[in-house]
Amino acid sequence: MKKYALITGASGEIGSAIAKKLAGEGYSLYLHYNQNEKGIQLLIEQLQRFENDYIPIQADLSLATGYEKVADQIFSLDAIVHNSGQSHYGLLVDLKEEELDQIMKVHVTAPILLTKRLLPKLISKRSGQIVVISSIWGQTGAACEVAYSAAKGAQIAFVKALSKEVSLNGITVNAVAPGAVQSRMLQSLTEEELCALKEDIPVGRLGTGEDVAEAVAFLLSTKSQYITGHTLAVNGGWYT
């Protein structure tokens, strides 16, 4: 029987790495994206060799009805990977109200409401996994990323609470908290700043989308069936 997983934000570096890993594990995938249609089509082409179902779903999760647009296109479901996100850098005193609203909708409101809509599909099977891609900043906080840190911390609290609510339904709920990952989020840094960042990380390198994907695959596997409510740090020892 086919297994189906939903990945939000599947067109980015981390999302596409997760998709490739799960496709290799035999999953059929619902691949959510917002603006990067070219990226999602390229990803689907790359996944064809695994010969499962790959279904693109376009939706803007910063809109009030965005999560409904995703949920309406989901049928059979075994796992959810909440990966959509956006960064924001700047002082709190300069944060605009509409920027805060968008950050919270994408990282907190949409994942919670989307999970609410889809949870009955997992409960009916009495099995399933939910993984939220949070951040190191949700664990320790970052100056100049106050709103982002608050949203990522809220994701971790959501994981802890929901895991207790659905554990007897055979559903696990966990988070992955990446550190500095090679992605568009770091493209504004200079070479000198990147070198300094790498020196701060005990393992001496940036993370990759594949590092995060391996953690997600583990949390979706039977090897982790006694782990729930946990936040798995994937940060090279940067924060422990």
For side-chain hydrogen bond (donor to acceptor under 3.5 Å, both in side chains), just list the numbers for Q102 and K105, CA-CA rounded to whole Å, side-chain angles, deciding distance to a tenth of an Å, and then say yes or no. CA-CA 5 Å; Q102 187 171 42; K105 281 180 178 175; over 6 Å; no

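- Counting only N and O atoms by type, the side chains of E145 and H88 include no donor and acceptor under 3.5 Å apart.
- Here Y226 is tied to no hydrophobic group at all, with no ILVMFWY side chain closer than 4.5 Å.
- Counting heavy-atom neighbours within 6.0 Å of E165 CD, excluding the residue itself, gives a total of 12 or less.
- When the side chains of ILVMFWY residues are joined at heavy-atom separations under 4.5 Å, either directly or via intervening members, L114 and Y4 end up in a single hydrophobic cluster.
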Test Q139 against T231 for side chain to side chain contact (heavy atoms under 4.5 Å, CB included), laying out the working first. CA-CA 9 Å; Q139 296 178 297; T231 299; 3.7 Å; yes

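- Taken together through direct or relayed side-chain contacts under 4.5 Å among Ile, Leu, Val, Met, Phe, Trp and Tyr, F50 and I44 form part of one hydrophobic cluster.
- Taken from NZ in K152 to OG in S135, the straight-line distance is 6.5 Å, to the nearest 0.5 Å.
- When all heavy atoms of I103 and A151 are compared, the pair lying nearest together is CG2-CB, 3.9 Å.
- A 4.5 Å side-chain heavy-atom check between L119 and I130 finds at least one atom pair inside the cut-off.
- No side-chain donor-acceptor contact under 3.5 Å links Y30 and D53.
- Transitive grouping of hydrophobic side chains (ILVMFWY, heavy atoms separated by less than 4.5 Å) brings L47 and V81 into a common cluster.
- Formation of a donor-acceptor pair under 3.5 Å by the H82 side chain with backbone atoms of I133 is not found in this model.
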Atom pairs and distances, donor-acceptor, side-chain atoms in residues 211-222, under 3.5 Å, two or more places apart:
unit_1: D211; atom_1: OD1; unit_2: R205; atom_2: NH2; d: 3.4
unit_1: D211; atom_1: OD2; unit_2: R205; atom_2: NH1; d: 3.0
unit_1: D211; atom_1: OD2; unit_2: R205; atom_2: NH2; d: 3.3
unit_1: D211; atom_1: OD2; unit_2: T208; atom_2: N; d: 2.9
unit_1: D211; atom_1: OD2; unit_2: T208; atom_2: OG1; d: 3.1
unit_1: E214; atom_1: OE1; unit_2: K21; atom_2: NZ; d: 3.3
unit_1: E214; atom_1: OE2; unit_2: K21; atom_2: NZ; d: 3.3
unit_1: S221; atom_1: OG; unit_2: F218; atom_2: O; d: 2.7
unit_1: S221; atom_1: OG; unit_2: K223; atom_2: N; d: 3.2

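- Listed for the S11 side chain is no donor-acceptor partner under 3.5 Å among the backbone atoms of G39.
- With sequence neighbours left out, the salt bridge (Lys or Arg N to Asp or Glu O under 4.0 Å) criterion links K38 to no other residue.
- When the shell of 6.0 Å around CD of E51 is examined, it contains 12 or fewer heavy atoms from other residues, nucleotides or ligands.
- Residues Y148 and W137 are in side-chain contact: their nearest non-hydrogen atoms beyond the backbone lie under 4.5 Å apart.
- The main-chain N or O of T190 is found under 3.5 Å from a side-chain atom of E193 such that the two form a donor-acceptor pair.
- The cluster map of Ile, Leu, Val, Met, Phe, Trp and Tyr, joined by side-chain heavy atoms under 4.5 Å apart, puts L29 and I80 in different clusters.
- Here S84 contributes atom OG and N34 contributes atom CG; the two are 8.0 Å apart, rounded to the nearest 0.5 Å.
- With values rounded to the nearest 0.5 angstrom, L22 atom CG is found 11.0 Å from L6 atom CG.
- The line from CD1 of I18 to CD of E13 is 11.5 Å long, rounded to the nearest 0.5 Å.
- S149 places a side-chain N or O within 3.5 Å of a backbone atom of A142 that can act as its donor or acceptor partner.
- Shown here is K3, whose NZ atom has more than 12 heavy atoms of other residues, nucleotides or ligands within 6.0 Å.
- The hydrophobic cluster containing V159 also contains L113, counting ILVMFWY residues as joined when their side-chain heavy atoms lie under 4.5 angstrom apart, directly or transitively.
- In this structure a side-chain-to-backbone donor-acceptor pair under 3.5 Å is missing from H107 to G85.
- Looking at K20, its side chain never comes within 3.5 Å of a backbone N or O of G15 through a donor-acceptor pair.
- Other residues, nucleotides and ligands contribute at most 12 non-hydrogen atoms within 6.0 Å of the CD atom of E37.
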Mind listing the side-chain donor-acceptor pairs of residues 233-240 below 3.5 Å, one per line with the distance, residues two or more places apart or on another chain?
unit_1: N235; atom_1: OD1; unit_2: G237; atom_2: N; d: 2.8
unit_1: N235; atom_1: OD1; unit_2: W238; atom_2: N; d: 3.1
unit_1: N235; atom_1: ND2; unit_2: Y239; atom_2: O; d: 2.8

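- In plain terms, the two heavy atoms of S62 and V106 that are nearest each other are CB-CG2, 3.8 Å.
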Stepwise side chain to side chain contact (heavy atoms under 4.5 Å, CB included) check, I40 with N36: CA-CA 6 Å; I40 212 74; N36 191 6; over 6 Å; no

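- Within 6.0 Å of CD in E98 there are more than 12 heavy atoms belonging to other residues, nucleotides or ligands.
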Can you list the steps and then say if L122 with L118 is a side chain to side chain contact (heavy atoms under 4.5 Å, CB included)? CA-CA 7 Å; L122 303 182; L118 297 178; over 6 Å; no

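- Applying the side-chain hydrogen bond (donor to acceptor under 3.5 Å, both in side chains) definition to pairs two or more places apart or across chains, those involving residues 63-78 are Q58-K69, D72-R117, S76-K125, D78-K125.
- For the pair L91 and V146, the minimum side-chain heavy-atom distance is 4.5 Å or more.
- The CD atom of Q41 lies 11.5 Å from the CD atom of Q46; values are rounded to the nearest 0.5 Å.
- I57 contributes atom CD1, which lies 10.5 Å from atom OG1 of T8 (distance to the nearest 0.5 angstrom).
- At distances below 3.5 Å, not a single donor-acceptor pair connects side-chain atoms of S163 with backbone N or O atoms of T228.
- The minimum heavy-atom distance between S28 and K2, with the atom names listed, is OG-CD, 3.8 Å.
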Could you tabulate the donor-acceptor pairs under 3.5 Å formed by side-chain atoms of residues 169-180, not counting sequence neighbours?
unit_1: N174; atom_1: OD1; unit_2: G229; atom_2: N; d: 3.2
unit_1: N174; atom_1: OD1; unit_2: H230; atom_2: N; d: 2.9
unit_1: N174; atom_1: ND2; unit_2: I227; atom_2: O; d: 3.0

Yes or no on side chain to side chain contact (heavy atoms under 4.5 Å, CB included) for L31 and I55, after CA distance, side-chain angles and deciding distance? CA-CA 6 Å; L31 300 168; I55 304 159; over 6 Å; no

